[in-house]
Amino acid sequence: MLNKKQIRFCLDEMEKMFPNADCELTHSNPFELVIAVLLSAQCTDVLVNKVTKDLFKKYKTPEDYLNVSLEELQNDIRSIGLYRNKAKNIQKLCNVLLDEYGGEVPSSKAELEKLAGVGRKTANVVASVAFGEPAIAVDTHVERVSKRLGICRWKDSVLEVEKTLMKKVPKNEWSVTHHRMIFFGRYHCKAKNPNCSECPLLEVCREGQKRMKKENAS
DNA sequence: CTCCCGATAT
DNA sequence: ATATCAGGAG
């Protein structure tokens with residue numbers, strides 16, 4: 001496991017690599033962000049943005065999503081994948097926003113997590129990006145990077161990864177760290193061909209050193 | 001744990 | 001062909 005000093009080194013190097021890391025989901029208000037993050041499950045941001053470009057022109061309010069049939073909404077988001085669940089969840093979510101929150105998106109993580117299709121990760125993203133609340137959303141990239149570097153254990157659940165990160169990263173850096181880890185995972189420490197040979201974190205990365213050793217042997 | 005699921009990279 | 005993508009619900 002990495003010690004405090006090594007983790008500090010990782011965070012600083014990630015900042016150098018991605019000084020402008022930020023949310024890459026196109027949105028202009030909290031409601032659009034909730035929809036975008038819900039759609040982003042098991043799907044790339046690039047594809048989500050492609051779909052929401054037209055979607056957000058057609059649907060501005062919760063009422064708009066409820067004034068069409070489920071089939072029509074499914075069709076409008078079909079290329080995203082998992083579209084049946086996502087369309088159903090969007091309409092459920094819109095009903096609750098109108099019934100319980102006056103059509104507005106709640107700002108607390110606890111309230112967000114009650115919404116259909118919104119789990120812990122999505123709630124963390126919305127609370128952090130839309131409302132400035134400190135949070136570390138653990139998605140596939142944050143999980144992979146944390147485990148490869150040795151910030152947490154391989155067998156840890158996403159919740160355990162989040163707890164570890166909250167403990168080891170200063171609270172005022174949670175949101176930026178979360179975004180830097182996503183960029184690092186998305187563009188450098190990729191799932192398939194991580195660029196270990198040109199990685200500034202190699203000296204502290206257990207997985208990177210293992211991969212380099214294997215590469216030299218072959 | 002399984003299922004949902006199309007687009008893209010490799 | 002197959003793995004992967006800002007996961008969540010049952």
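To find a chain, count down the sequence lines: A is the first, B the second, and so on, and within it residues start at 1. No experiment lies behind these values; they were computed from the predicted model shown.
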> Tell me: OH of Tyr83(A) to C1' of dC5(C), nearest whole Å?
Replying inline: 18 Å
> Rounded to whole angstrom units, what separation is found between the CG atom of Asn49(A) and the P atom of dG6(B)?
Replying inline: 20 Å
>> Looking only at the side chain of Asp139(A) (C-beta and beyond, no hydrogens), which of the listed nucleotides dG7(C), dA7(B), dC5(C) gets closest?
In response: dG7(C)
> dA6(C) C1' sits how many Å from Asn124(A) CG, rounded?
Replying inline: 12 Å
> Could you state the CD1-P distance from Ile80(A) to dG7(C), rounded to the nearest angstrom?
Replying inline: 12 Å
>> Between dA6(C) and dA9(B), how many Å separate the two P atoms, rounded to a whole number?
In response: 12 Å
>> Under 4.0 Å, heavy atoms only, any strand: does Val118(A) hit a base, just the sugar-phosphate, or nothing?
In response: sugar-phosphate
>> Please confirm whether the shortest side-chain N or O distance from Arg186(A) to OP1 or OP2 of dC5(C) is below 4.0 Å.
In response: no
> If the P atom of dA1(C) is compared with that of dC4(B), how far apart are they to the nearest Å?
Replying inline: 23 Å
> Rounded to the nearest Å, what distance is computed from the CG atom of residue Leu39(A) to the C1' atom of nucleotide dC4(B)?
Replying inline: 14 Å
>> Using whole Å, what does the distance between atom P of nucleotide dG6(B) and atom CG of Asp45(A) come to?
In response: 20 Å
>> Please determine whether a side-chain nitrogen of the Lys or Arg among Lys114(A) and Glu111(A) lies less than 4.0 Å from a carboxylate oxygen of the Asp or Glu.
In response: yes
> Within a reach of under 6.0 Å around CZ of Arg153(A), are more than 12 heavy atoms found that belong to other residues, nucleotides or ligands?
Replying inline: no
>> In whole Å, I'd like the distance from the NZ atom of Lys121(A) to the P atom of dG8(C).
In response: 6 Å
>> What's the gap between dC5(B) and dC5(C) when it is taken at their C1' atoms, as a whole Å value?
In response: 12 Å
> Of all the nucleotides listed (dC5(B), dT10(B), dA7(B)), which has the minimum atom distance to the side chain of Leu82(A)?
Replying inline: dC5(B)
>> Under 4.0 Å, counting only non-hydrogen atoms across every strand here, what does Leu38(A) touch: a base, just sugar-phosphate, or nothing?
In response: nothing
> Is Val48(A) reachable from Ile90(A) through a run of hydrophobic residues whose side-chain heavy atoms are each under 4.5 Å from the next?
Replying inline: yes
> dT4(C) P sits how many Å from Glu143(A) CD, rounded?
Replying inline: 12 Å
> Base, sugar-phosphate, or nothing: which does Leu115(A) touch, judged by heavy atoms less than 4.0 Å apart?
Replying inline: sugar-phosphate
>> Taking Arg120(A) first and then Glu162(A), would you say they form a salt bridge - that is, a charged N and a carboxylate O separated by under 4.0 Å?
In response: yes
>> Just to verify, which of Val37(A), Val129(A), Ile35(A) counts as forming a side-chain contact (heavy atoms from CB on, under 4.5 Å) with Leu25(A)?
In response: Val37(A)
> So what does Gly119(A) hit on the nucleic acid, given a heavy-atom distance under 4.0 Å: a base, only sugar-phosphate, or nothing?
Replying inline: sugar-phosphate
> Should the ring pair Phe184(A) and Phe18(A) be called parallel, tilted or perpendicular, given that the plane angle runs from 0 to 90° and is split at 30 and 60?
Replying inline: perpendicular
> Given dC5(C), dT4(C), dC5(B), which nucleotide is nearest the side-chain atoms of Lys192(A)?
Replying inline: dT4(C)
> Which nucleotide in the set dA6(C), dA3(C), dG7(C) lies at the smallest distance from any side-chain heavy atom of Thr122(A)?
Replying inline: dG7(C)
>> Can you tell me which nucleotide in dT4(C), dA6(C), dG6(B) comes closest to the side chain of Ala191(A)?
In response: dT4(C)
> With respect to the phosphate group of dG6(B), does any side-chain polar atom (N or O) of Ser79(A) fall under 4.0 Å of OP1 or OP2?
Replying inline: no
> At under 4.0 Å between heavy atoms, what does Lys50(A) touch on the DNA or RNA strands: base, sugar-phosphate, or nothing?
Replying inline: sugar-phosphate
> For DNA chain C, whose closest nucleotide is more 5', that of Glu113(A) or that of Cys43(A)?
Replying inline: Cys43(A)
